[in-house]
Amino acid sequence: MKRPDLINAAQCDAAKSQIPNPHSQTDVSLRAKRGNPESKGAKRYRRVWPLSEFGTAVVLCISLLVSGVRARSLWDLANRNKETLRIATLFDARDVQRRLSTDKGIDEAIDWCQKTSVTHAFIESFRDGYTAERQPLEQARDRFRAAGFDVSGCVTPTKVGKDSTGWTGIACYTDDPTQKRIQEIFEYTASMFDQIMIDDFWFTDCQCDDCRKARGEKSWADFRCDLMTRISRERILQPARAVNPNVKIIIKYPQWYDQFHNRGYEVVRQTADFDRIWVGTETRDYADKRWGGTVQYEAYYIMRWLGAIGGAKCGGGWFDPFGTHEATYVEQARQTVLADAKEMLLFCYGALQRDTGPANVAKLRTEIPGLFQLAKLVRNQPLWGIAAPKPPNSDAQNEQYVYDFIGMLGLPLVPTEEIRTDVRAAFLPVHALKDPQLQIKLSSMLNAGTPVLVTDGLTRKLPPTFIGDKNLTILKVNGKPNSLLDLTREQLQPIRDKLLAPLGLRFEAPNKVALYLFGDHAVAVENFNDETITAALEFVKPVKAETALVLPVEGQAEVACDSGRIEFTKITPRTLVVLTQTSGFVVRP
């Protein structure tokens with residue numbers, strides 16, 4: 001049986017037809033046999049419709065009408081809120097061929113988008129060596145525009161030309177014919193669209209003889225960053241703008257931020273060159289055998305970090321259904337919105353029609369009104385908390401993605417690209433070694449009484465004089481950031497107490513519970529555990545907090561506020577709760 005939200009008006013009309021019609025031919029013949037009830041002396045007959053037949057049809061029709069109203073209300077809600085948060089999806093090049101090449105396929109796609117609050121359609125021209133034909137691309141573009149959607153193009157640069165010696169499908173961009181081919185693809189796409197997204201395969205990891213010769217004395221990271229920056233300018237931006245002076249090009253960065261520079265993503269120069277940037281916020285099920293290993297907080301950290309670099313250029317986050325179930329799929333959406341994304345993209349239409357996609361989308365639809373509300377609560381609000389700088393192009397060594405695991409410990413991070421000394425608390429892993437002024441800055445913070453949490457990996461690179469400083473706390477990572485998820489509530493408490501004291505608050509919670517501090521008036525707590533937890537937030541000043549939002553809609557958060565202490569006596573599994581108060585939570589220094 002189809003879900004109610006997938007039943008259209010025609011099906012409702014069909015349901016109505018199941019209700020017996022007193023003016024049908026069948027009833028006319030019955031009246032003829034019994035005589036005309038309107039004639040004088042005729043015996044009157046009243047047709048009594050069976051309750052089960054009549055009631056079932058009526059209930060079905062009513063449910064269809066209600067679900068249709070709900071679907072329409074989501075579309076209206078999306079259009080009213082798209083200046084705060086837009087929802088987008090992608091039709092990849094094969095989707096264009098298989099699903100958007102007929103009017104019927106386009107009708108079905110538009111209907112699905114409207115029921116999912118999608119107001120922005122990205123239509124892809126190239127992927128995996130396949131170029132979509134111009135006629136279906138332009139027809140789909142025009143049909144979506146006519147239906148009230150914003151429409152953009154997309155290119156996924158896989159199987160473009162000469163293969164890399166590394167990842168399958170990635171190209172060797174030292175090769176001149178490959179460069180020419182990528183230019184042709186973007187010229188073609190720019191002739192049809194005023195905005196083009198590059199899916200996150202715009203990198204190289206090739207080590208062929210030609211690349212080795214071209215590299216010279218440079219490191220692989222420096223060579224690839226220089227190469228990809230140059231051909232971005234010469235083979236994408238300049239040619240596309242020559243074809244279409246109005247075109248805007250978006251570079252979408254992948255989720256694996258600790259490897260960017262090693263594969264040619266140069267987030268400073270490329271962010272400056274491209275018109276906009278987007279962010280991969282895929283996290284998926286942590287325990288999934290194929291897709292797992294990424295904690296939910298990564299989506300938040302990377303979006304905030306790149307937002308600090310890109311500023312107004314930072315547009316949206318992009319996540320997919322692979323390796324997820326309903327709870328973890330919508331957690332990607334929540335983290336993307338918590339990170340102040342202006343837009344979130346559901347990759348991709350075709351994938352969301354199969355496997356876990358339909359159930360994930362059904363769950364997401366229930367959260368969409370709350371996500372719009374969440375976006376309003378966090379929009380353009382300054383973060384406060386513990387500075388967590390990652391200098392661009394910094395090496396993680398054996399502490400890859402340690403920031404994500406730190407966020408899972410209930411430490412409210414403020415991601416940034418620069419180590420600053422005017423912060424109230426800081427977290428520094430081995431990435432900090434990229435800053436040539438690290439020791440000077442660290443000394444300044446410690447001398448000012450600023451609590452600094454450092455990894456054991458970083459302390460091995462510091463002079464012994466830093467070790468033992470009362471304001472320095474060493475976190476034992478042992479080269480295994482995921483081991484931090486094993487820390488108990490009791491082990492975490494002294495770390496939190498020390499780092500949060502300058503902020504005027506104390507947080508008590510188990511592991512895998514994240515804390516977010518927005519502006520003066522909002523705090524959020526998210527329980528990523530599969531069991532109900534208790535937690536507490538304690539401020540040095542009295543607060544009177546109110547629950548502003550709980551997600552999912554069936555989630556529960558029982559909150560009691562007494563003077564400066566907020567008790568979460570119950571937060572159900574995988575639940576986000578946002579609290580607000582008019583007078584503000586922030587304790588100014």
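Values reported hereafter were calculated over all heavy atoms of this structure, with side chains retained and with hydrogens, waters and symmetry mates removed.
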Participant: May I have all residue pairs that pass side-chain hydrogen bond (donor to acceptor under 3.5 Å, both in side chains) and include part of residues 399-408, sequence neighbours excluded?
Facilitator: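 Qualifying pairs, neighbours excluded: Y257-D404, E399-T455.
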Participant: Less than 3.5 Å apart, which donor and acceptor atoms pair up between the side chains of residues 132-144 and the rest of the protein, not counting sequence neighbours?
Facilitator:
{"from": "R134", "atom 1": "NH1", "to": "E138", "atom 2": "OE2", "distance (Å)": "3.2"}
{"from": "R134", "atom 1": "NH1", "to": "S191", "atom 2": "OG", "distance (Å)": "3.3"}
{"from": "R134", "atom 1": "NH2", "to": "S191", "atom 2": "OG", "distance (Å)": "3.0"}
{"from": "Q135", "atom 1": "NE2", "to": "Q139", "atom 2": "OE1", "distance (Å)": "3.4"}
{"from": "Q139", "atom 1": "NE2", "to": "D103", "atom 2": "OD1", "distance (Å)": "3.0"}
{"from": "R141", "atom 1": "NH1", "to": "M192", "atom 2": "O", "distance (Å)": "2.9"}
{"from": "R143", "atom 1": "NH1", "to": "D103", "atom 2": "OD1", "distance (Å)": "3.3"}
{"from": "R143", "atom 1": "NH2", "to": "D107", "atom 2": "OD1", "distance (Å)": "2.5"}

Participant: Would a 4.5 Å heavy-atom cut-off, applied to side chains only, mark T283 and F319 as touching?
Facilitator: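 Of all side-chain heavy-atom pairs linking F319 with T283, none is under 4.5 Å.
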Participant: Who passes side chain to side chain contact (heavy atoms under 4.5 Å, CB included) against P254, sequence neighbours left out?
Facilitator: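 With neighbours one apart ignored, the set is D200, W256, F260, Y265.
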Participant: Would you please name every residue forming a side-chain hydrogen bond (donor to acceptor under 3.5 Å, both in side chains) with E108, sequence neighbours left out?
Facilitator: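 By the side-chain hydrogen bond (donor to acceptor under 3.5 Å, both in side chains) rule, E108 matches K104.
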Participant: Kindly write out the residues that satisfy side-chain hydrogen bond (donor to acceptor under 3.5 Å, both in side chains) with T89, not counting sequence neighbours, or none if the list is empty.
Facilitator: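 T89: no side-chain hydrogen bond (donor to acceptor under 3.5 Å, both in side chains) contacts found.
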Participant: Checking side chain to side chain donor-acceptor pair (under 3.5 Å) against H325, which of D288, D285, T356 comes through?
Facilitator: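 The side chain to side chain donor-acceptor pair (under 3.5 Å) with H325 is passed solely by D285 among D288, D285, T356.
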Participant: Could you work out, with side-chain hydrogen bond (donor to acceptor under 3.5 Å, both in side chains) as the rule, every residue matching T156, not counting sequence neighbours?
Facilitator: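 Partners of T156 under the side-chain hydrogen bond (donor to acceptor under 3.5 Å, both in side chains) test: E124, R127, D199.
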Participant: Can you confirm whether M445 sits close enough to L428 that some side-chain heavy atom of one is under 4.5 Å from a side-chain heavy atom of the other?
Facilitator: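 Result yes, sub-4.5 Å side-chain heavy-atom pair found.
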Participant: Using the salt bridge (Lys or Arg N to Asp or Glu O under 4.0 Å) rule, take D422 and R420 through it: C-alpha gap first, then chi angles, then the decisive distance, then the call.
Facilitator: CA-CA 6 Å; D422 59 343; R420 298 174 58 94; 2.7 Å; yes
Participant: If I take atom CD1 from residue I196 and atom CD1 from residue I249, how far apart are they, to the nearest 0.5 angstrom?
Facilitator: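 Answer for the CD1-CD1 pair, I196 versus I249, is 4.0 Å.
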Participant: Are any of the side-chain nitrogens in E343 or K252 under 4.0 Å away from the carboxylate oxygens of its partner?
Facilitator: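 No, this pair does not count.
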Participant: Under the side chain to side chain contact (heavy atoms under 4.5 Å, CB included) test, which residues partner N81, sequence neighbours left out?
Facilitator: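 Partners of N81 by the side chain to side chain contact (heavy atoms under 4.5 Å, CB included) criterion, ordered by chain and then number, come out as L77, F372, K376.
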Participant: Please tell me if the side chains of Y329 and L346 come closer than 4.5 Å, counting only heavy atoms from C-beta onward.
Facilitator: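 Contact flag for Y329/L346 side chains = yes.
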Participant: Using a 4.5 Å cut-off on heavy atoms from C-beta on, say whether the side chain of T165 contacts that of C206.
Facilitator: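 A side-chain contact exists here, since the closest heavy-atom pair is under 4.5 Å.
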Participant: Assert yes or no for the condition that the ring centre distance of Y516 to Y300 is strictly below 6.0 Å.
Facilitator: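 Yes, close enough.
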Participant: Can you label the angle between the W75 ring and the F149 ring as parallel, tilted or perpendicular, going by 30° and 60°?
Facilitator: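 The arrangement is tilted - the two ring planes meet at 30° to 60°.
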Participant: Does some side-chain heavy atom of W112 sit less than 4.5 Å from a side-chain heavy atom of L352?
Facilitator: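 The answer is yes; the side chains approach within 4.5 Å.
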Participant: Output yes when K313 and D273 qualify as a salt bridge under the 4.0 Å nitrogen-oxygen rule, no when they do not.
Facilitator: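 Salt bridge: no.
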Participant: How far apart are the closest heavy atoms of A514 and F528, and which atoms are they?
Facilitator: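 Where A514 meets F528 most closely, the heavy atoms are CB-CE1, 3.7 Å.
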Participant: I'd like to check the salt bridge (Lys or Arg N to Asp or Glu O under 4.0 Å) partners of E417; sequence neighbours left out, ordered by chain and number.
Facilitator: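 Checked E417 against salt bridge (Lys or Arg N to Asp or Glu O under 4.0 Å); zero matches.
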Participant: Go through the steps for T281 and Q335 under the test side chain to side chain contact (heavy atoms under 4.5 Å, CB included), then give the verdict.
Facilitator: CA-CA 8 Å; T281 53; Q335 293 299 296; over 6 Å; no
Participant: Are the side chains of R263 and W167 in touch, meaning some heavy atoms are under 4.5 Å apart?
Facilitator: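 A side-chain contact exists here, since the closest heavy-atom pair is under 4.5 Å.
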Participant: Does a donor on one side chain and an acceptor on the other come within less than 3.5 Å for T324 and N360?
Facilitator: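 Yes - a donor-acceptor pair under 3.5 Å links their side chains.
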Participant: Please list all pairs passing the salt bridge (charged side-chain N to carboxylate O under 4.0 Å, His left out) test where one or both residues lie in residues 153-171, with sequence neighbours left out.
Facilitator: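 For residues 153-171: K162-D210.
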Participant: In sequence, state the C-alpha distance, the side-chain angles, and the governing distance for D150 and K82, and then conclude on salt bridge (Lys or Arg N to Asp or Glu O under 4.0 Å).
Facilitator: CA-CA 11 Å; D150 299 311; K82 68 180 183 179; 3.8 Å; yes
Participant: If you count heavy atoms of other groups shown closer than 6.0 angstrom to NZ of K461, is the number above 12?
Facilitator: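 No, not enclosed.
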Participant: Show the nearest heavy-atom pair for residues V423 and A387, with the distance to one decimal.
Facilitator: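 So the two residues come closest at CG1-CB, 3.8 Å.
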Participant: Please report the closest heavy-atom contact between I110 and A147, naming both atoms and the distance.
Facilitator: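 That closest heavy-atom pairing would be CD1-CB, 4.0 Å.
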Participant: Name all residues meeting the side-chain hydrogen bond (donor to acceptor under 3.5 Å, both in side chains) criterion together with D395; count only those two or more places apart in sequence or in a different chain, and write none if there are none.
Facilitator: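 side-chain hydrogen bond (donor to acceptor under 3.5 Å, both in side chains) list for D395, sorted by chain: H261.
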Participant: Quick check with a 6.0 Å cut-off and a 45 degree axis cone: is R99 positioned over the face of F91's six-membered ring?
Facilitator: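 Negative - R99 is either too far from the ring of F91 or too far off its axis.
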Participant: Which heavy atom of T119 sits nearest a heavy atom of A78, and at what distance?
Facilitator: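 Heavy-atom minimum between the residues: CG2-CB, 3.7 Å.
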Participant: Report the distance from atom CD of Q373 to atom CG of L551, rounding to the nearest 0.5 Å.
Facilitator: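 So the gap between those two atoms works out to 8.0 Å.
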Participant: Work out which heavy atom in L85 is nearest to a heavy atom in M344; give both atom names and the distance.
Facilitator: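 Closest pair (atom of L85, atom of M344, distance): CD1-N, 4.3 Å.
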Participant: Taking it one step at a time, do R230 and D226 satisfy salt bridge (Lys or Arg N to Asp or Glu O under 4.0 Å)?
Facilitator: CA-CA 6 Å; R230 177 175 61 82; D226 289 344; over 6 Å; no
Participant: Mind checking what makes salt bridge (Lys or Arg N to Asp or Glu O under 4.0 Å) contact with R304, not counting sequence neighbours?
Facilitator: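 Not a single residue meets the salt bridge (Lys or Arg N to Asp or Glu O under 4.0 Å) criterion with R304.
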Participant: Is E526 close to L338 at the side-chain level, that is, under 4.5 Å between some pair of heavy atoms?
Facilitator: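 Counting from C-beta outward, L338 and E526 do come under 4.5 Å.
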Participant: Check whether more than 12 heavy atoms from other residues, nucleotides or ligands sit under 6.0 Å from atom CG of D209, and answer yes or no.
Facilitator: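 Not more than 12 within 6.0 Å, no.
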Participant: For T116 and R365, does a side-chain donor sit closer than 3.5 Å to a side-chain acceptor?
Facilitator: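 Yes.
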Participant: Determine the minimum heavy-atom distance between G519 and Q381, stating which atoms define it.
Facilitator: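 In terms of heavy atoms, the two residues are closest at CA-OE1, 3.6 Å.
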Participant: What pairs with R235 under side chain to side chain contact (heavy atoms under 4.5 Å, CB included), at least two apart in sequence or on another chain?
Facilitator: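 So R235 forms a side chain to side chain contact (heavy atoms under 4.5 Å, CB included) with D176, Q179, K180, I182, Q183, I231.
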Participant: Among F122, F347, W202, find the residue that satisfies the ring-ring contact (aromatic ring centres under 6.0 Å, His included) test when tested with W278.
Facilitator: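 Of F122, F347, W202, ring-ring contact (aromatic ring centres under 6.0 Å, His included) with W278 is met by F122 alone.
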Participant: Indicate yes or no: at least one non-hydrogen side-chain atom of F186 is less than 4.5 angstrom from one of V155.
Facilitator: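 SC-SC contact between F186 and V155 confirmed.
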Participant: For the residue pair R212 and Q207, confirm or rule out a side-chain donor-acceptor distance under 3.5 Å.
Facilitator: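 Looking only at side-chain atoms, Q207 and R212 do form a donor-acceptor pair, the distance falling under 3.5 Å.
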